Each structure stands twice: as structure tokens, then as C-alpha cells.
Amino acid sequence: MKQNILKSLFSMATIMTLCVILFSCQKDEITVSTSYYPEVDVDKHYLDFKAGEDTKTVKVSSQEDWAYTMDEDWLHVSRDGNGNKLTIQVDANRTKETRECLLTVFALNDFKKKAEVKVSQQTSLVTVSCSDTELNFSANEGAYNILSVMSNGDWQVRSTPDWLRASLSGGNGSKSISFTTLSANKTSADRTGKVIIGTIDEEVQISVKQYGGVMSNCQVTPNHITILSNGIAFDMDYSRASNVAHYYRGYMEASRAGIMTNPEIISTLQREFQRHLPSDDEVADFSDLKPNTKYIIYTLAYDMEGKRGDLLSTEVKTCKEEVNEPCGWISDLECNGSYWEWSITKSATCYSYWMITTENRDIALASDVLQAWWLEDAIRRNKSTEYFNGGDWRQVRCGNMIAVWTRGKTSNGTWAGKITWKGCEVSSSATTRAQGIESASSHAMIKQLASIDHSGCKLTPDQYQLFNIK
């Protein structure tokens with residue numbers, strides 16, 4: 001019996017020795033390794049908290065000592081002594097976004113042994129956002145655009161420009177709103193504004209723009225404006241008139257214009273005033289106005305297709321009608337052989353005066369305010385001189401008619417509200433002195449006072465030579 005047992009043991013030892021030798025011979029081909037890693041696990045891998053303060057628990061299973069880590073100060077974690085339970089507490093979320101944090105539980109002897117818990121918390125704010133930050137609209141009435149609104153609660157359209165209508169006043173969650181223009185933009189400038197959409201906690205602003213609907217570079221404006229107590233005159237600025245085919249210019253008392261709409265003003269311009277061309281390059285002349293009264297000058301231009309530019313307005317006020325105007329009075333204007341002769345007497349309020357003459361009949365017979373514009377234009381062109389003393393004047397006679405104009409200034413440089421005029425005419429056969437016609441009834445006929453757009457030409461340099469005082 002003992003011998004059998006010994007034989008068996010010997011046989012087993014022999015077999016094991018052979019196995020060791022066999023495996024040793026094959027160690028370059030087969031490697032056997034065994035190791036046991038105790039697991040670390042949790043019963044919840046995801047925790048989702050609402051916006052307010054809240055608490056949840058997580059159970060940890062591990063065969064060895066463990067610890068935990070997290071990286072957000074709004075998340076508070078505690079362990080029940082040396083037990084296997086973690087208590088997770090969150091603060092109220094007052095940020096705009098849902099927030100997240102990763103809680104990691106790991107073995108103390110091997111950081112590779114770990115389990116993770118993803119923690120998220122909803123926001124307590126009612127947020128809102130939109131698909132676009134800017135909406136653009138064409139110039140016509142009824143142009144529309146669509147905006148998508150995204151929110152986690154109730155929202156309202158708090159503000160829109162008065163030229164824009166929203167299809168919804170508010171909503172809940174995500175919705176689309178269409179915006180429509182209520183009127184056409186009939187100016188050359190774009191009109192802009194803001195749409196404001198908000199919740200109880202925040203709001204967003206969307207820039208809106210409606211493009212201009214009239215032609216650019218289709219404008220004519222008053223340039224040099226001369227103002228008397230009874231009239232206004234001005235030439236035109238065509239620097240932005242590259243697209244102008246024709247235009248209207250006119251005036252209204254400010255009190256009348258103030259109760260009219262732009263379409264009514266445009267209709268009045270077209271009905272009561274003439275159409276003009278930029279090639280005319282004229283001086284507009286409006287007479288018989290009230291003294292010390294506000295007027296509005298309007299200009300409106302059109303292109304070849306009938307599209308218009310801006311309705312432009314310029315406010316002016318006529319001068320007061322003074323009893324003693326600061327003028328240089330003209331007297332004794334007559335023809336004496338080959339000369340015209342006259343005298344100038346300054347009024348008590350006249351500090352200085354300007355004077356021009358002409359032998360051109362068409363110029364001489366123009367209205368007061370047009371003559372005043374030509375005088376001021378002569379000053380701009382250095383064709384007239386400022387005089388401080390009265391006296392007797394003489395000019396060589398080249399024609400059969402002469403007109404003399406003066407306009408005075410006060411000591412502070414204020415123009416007089418009137419222009420002083422005197423004319424004298426002789427027949428071609430006359431050889432004696434001619435009488436002045438300033439006080440004759442013919443003066444009313446030759447002074448062409450116009451209340452509606454009586455235009456005068458601009459004078460050429462040759463015509464300005466007539467203003468040289470001899």
C-alpha cells in the first residue's frame with residue numbers, strides 16, 4: 001500500500017517536472033499572467049437636479065478603501081463616516097445655462113480603479129435667444145422677414161418700431177414670428193430700429209432696417225439764399241443731382257406747412273409751381289411775401305423713370321420791415337451828355353452800403369429780391385465794393401437806360417430788409433438830361449414782382465463788368 005502511494009507520488013512529480021520543462025521550452029511563445037483587481041462601482045452614474053437646492057445619494061461598492069473628487073463649488077459632497085454612501089447637495093442655479101460636474105470615486109491604492117457620476121442641474125432662469133441678430137426689409141409696404149425664438153419658458157415681444165408689425169405678441173418655448181412693414185420707406189435714407197423680446201429674467205435685441213425707397217443722388221437744394229422783408233431768392237446746388245431729370249421748387253408759410261402731410265406738400269408743389277431742369281441753372285425768385293414771417297422752401301427732384309428723391313425743406317424768415325432802413329438813398333439820377341450821374345445819401349442807421357449798376361435792361365427790370373441776390377453774388381465774386389460815405393457818382397454812358405441798386409448794413413453787419421433802386425431811361429434821340437423813373441407809374445410795370453417762381457438767370461462775368469463804378 002505504501003509502495004503504491006510512493007509510486008503514485010513519484011509519477012506525479014515526474015509529470016509535473018516534465019510540464020515545467022515543456023512550458024520553459026515554450027516561454028518565448030506563451031506568457032501567462034494572472035492578477036486580481038477589486039472593482040469600485042456606484043449605483044447611479046447620472047444625477048439630474050432641478051434648478052433649486054436639492055439633495056441626492058449615491059451608494060459606493062468597493063473591496064478596498066476609496067475616496068472621491070469633484071471640481072465645482074456649487075456641488076457639495078459628504079460621506080457617511082466610513083460607510084458606503086455619498087450625499088450630493090447642489091445650490092440653486094441662477095446662471096443662464098444648465099451646468100454640469102463630474103464626480104469621481106477611486107481606490108486609494110490604485111487610481112485606475114474608479115467610477116464616475118455625471119451631475120447636471122437645470123437653470124432657474126427663463127432664457128430666450130433668437131435665430132438672428134439683424135433683420136432687413138425692402139422699401140415697400142408689406143415686406144416681411146421671419147425670426148425664430150428659442151426659450152425655456154414664457155416670452156413677450158416688448159417693443160417694435162412703429163413701421164413694423166409682429167405676428168405674435170409672445171409665446172412659450174420655441175416659436176417663429178413674422179415681421180411685416182406697415183408703410184413704404186419713401187426717403188433715400190434707411191430707417192432703423194430695435195425689436196426687443198424678453199422673459200421675466202432677460203431680453204434680447206434684434207436690429208431691424210428698412211432700406212430707403214427713393215433715388216440717391218436725386219436731390220437739388222437751395223444754395224445762396226438772399227432774404228428781404230418782402231421776398232427770397234436763391235440759386236440751386238446740383239452736387240447731388242447726377243440722377244435728376246427735373247425738379248420742383250417752391251415755398252409755403254411755415255404755419256400752413258405745419259398742418260400738411262408730405263404727400264399734400266408734394267401735390268401742392270406739383271400743382272402750384274413750375275417744373276425745372278438742372279441745365280437751367282437759374283435763380284429762384286419769390287416776391288410779395290410777408291415781413292418777419294417764417295417760410296419753408298421745398299425742393300423735390302425726379303429721375304428719368306419718375307422715381308423721386310427726398311422732399312427737402314429749408315426754413316427761412318423774412319426780415320422785419322423797418323421805418324428807417326439802413327440804406328444809401330439814390331437821388332438825382334440823370335443822363336448828362338456821355339455820363340450817368342447820381343448822388344448817394346446814407347440813412348442815420350446805415351453804417352456801410354454796397355452798390356451796383358447795370359445798363360442791361362433785362363437785369364434792370366428784375367424784382368427787388370432778384371436784384372438783391374445779384375448784388376450779393378457780385379460781392380461774392382468781388383465785383384462790388386463796400387462804401388462807407390455818401391457822395392456824387394458818375395459812370396460813362398454806354399446805353400439808354402441805367403439802374404442803380406444799393407443795400408445797406410448796420411454797424412453789427414446786419415443787412416437791410418429792403419434794397420434801394422432807381423432807374424433812368426432816355427430815348428435814342430435825346431440829347432438833354434433824362435428824368436429818373438423810380439417814382440413814375442411805369443416803375444410798377446418794369447419791376448416784375450412775382451409771387452410764384454419767377455426765375456432769373458445767373459449773370460456772366462461780362463455782365464458783372466457793368467457793375468464797375470466809374
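These numbers were taken from a predicted model, which means no experiment stands behind them.
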Please find the pair of heavy atoms, one from [X] and one from [Y], that lie closest to each other, and give the distance.
X      : Y      : value
Leu277 : Ala245 : CD2-O, 3.4 Å
Cys319 : Gly417 : CB-CA, 3.7 Å
Ile356 : Ala378 : CG2-CB, 4.2 Å
Val369 : Leu228 : CA-CD1, 3.6 Å
Gly328 : Thr406 : O-OG1, 2.6 Å

Can you check whether [X] reaches [Y] side chain to side chain, under 4.5 Å on heavy atoms?
X      : Y      : value
Asn93  : Arg99  : yes
Glu253 : Thr293 : yes
Ile197 : Cys130 : yes
Leu311 : Ile265 : yes

Between [Y] and [X], does any NZ, NE, NH1 or NH2 come within less than 4.0 Å of an OD or OE carboxylate oxygen?
X      : Y      : result
Arg158 : Glu203 : yes
Arg407 : Glu376 : yes
Arg381 : Asp377 : yes
Glu272 : Arg256 : yes
Glu386 : Lys409 : no

Can you tell me if [X] has over 12 outside heavy atoms packed within less than 6.0 Å of its [atom1]?
X      : atom1 : result
Lys458 : NZ    : yes
Tyr351 : OH    : no
Lys56  : NZ    : yes
Glu134 : CD    : yes
Ile196 : CD1   : yes

Does a donor on one side chain sit under 3.5 Å from an acceptor on the other, for [X] and [Y]?
X      : Y      : answer
Asp41  : Ser61  : no
Gln219 : Asp310 : yes
Ser287 : Asp285 : yes
Asp154 : Asn172 : yes
Lys320 : Ser229 : no

Could you note down all residue pairs passing ring pair (Phe, Tyr, Trp, His ring centres under 6.0 Å) where residues 91-142 supplies at least one of them, sequence neighbours left out?
-> Phe106-Phe111
Got a donor-acceptor contact below 3.5 angstrom from the Asn217 side chain to the Arg240 backbone?
-> no
Check the angle between the aromatic planes of [X] and [Y] and answer parallel, tilted or perpendicular using the 30° and 60° thresholds.
X      : Y      : result
His246 : Tyr248 : perpendicular
Trp415 : Trp354 : tilted
Tyr247 : Tyr238 : perpendicular
Phe273 : Phe286 : perpendicular

Step-by-step side chain to side chain contact (heavy atoms under 4.5 Å, CB included) determination, Asp235 to Trp373 | CA-CA 9 Å; Asp235 62 346; Trp373 190 92; 3.5 Å; yes
Worked verdict on Leu312 versus Leu300 for side chain to side chain contact (heavy atoms under 4.5 Å, CB included) | CA-CA 6 Å; Leu312 302 177; Leu300 180 66; over 6 Å; no
After noting the C-alpha distance and the side-chain angles of Trp163 and Val208, does the key distance pass the side chain to side chain contact (heavy atoms under 4.5 Å, CB included) rule?
-> CA-CA 11 Å; Trp163 49 267; Val208 291; 4.1 Å; yes
Would you please name every residue forming a side-chain hydrogen bond (donor to acceptor under 3.5 Å, both in side chains) with Tyr353, sequence neighbours left out?
-> none
Take Val128 and Val149, measure what side chain to side chain contact (heavy atoms under 4.5 Å, CB included) needs, and give me the verdict at the end.
-> CA-CA 7 Å; Val128 63; Val149 179; 3.7 Å; yes
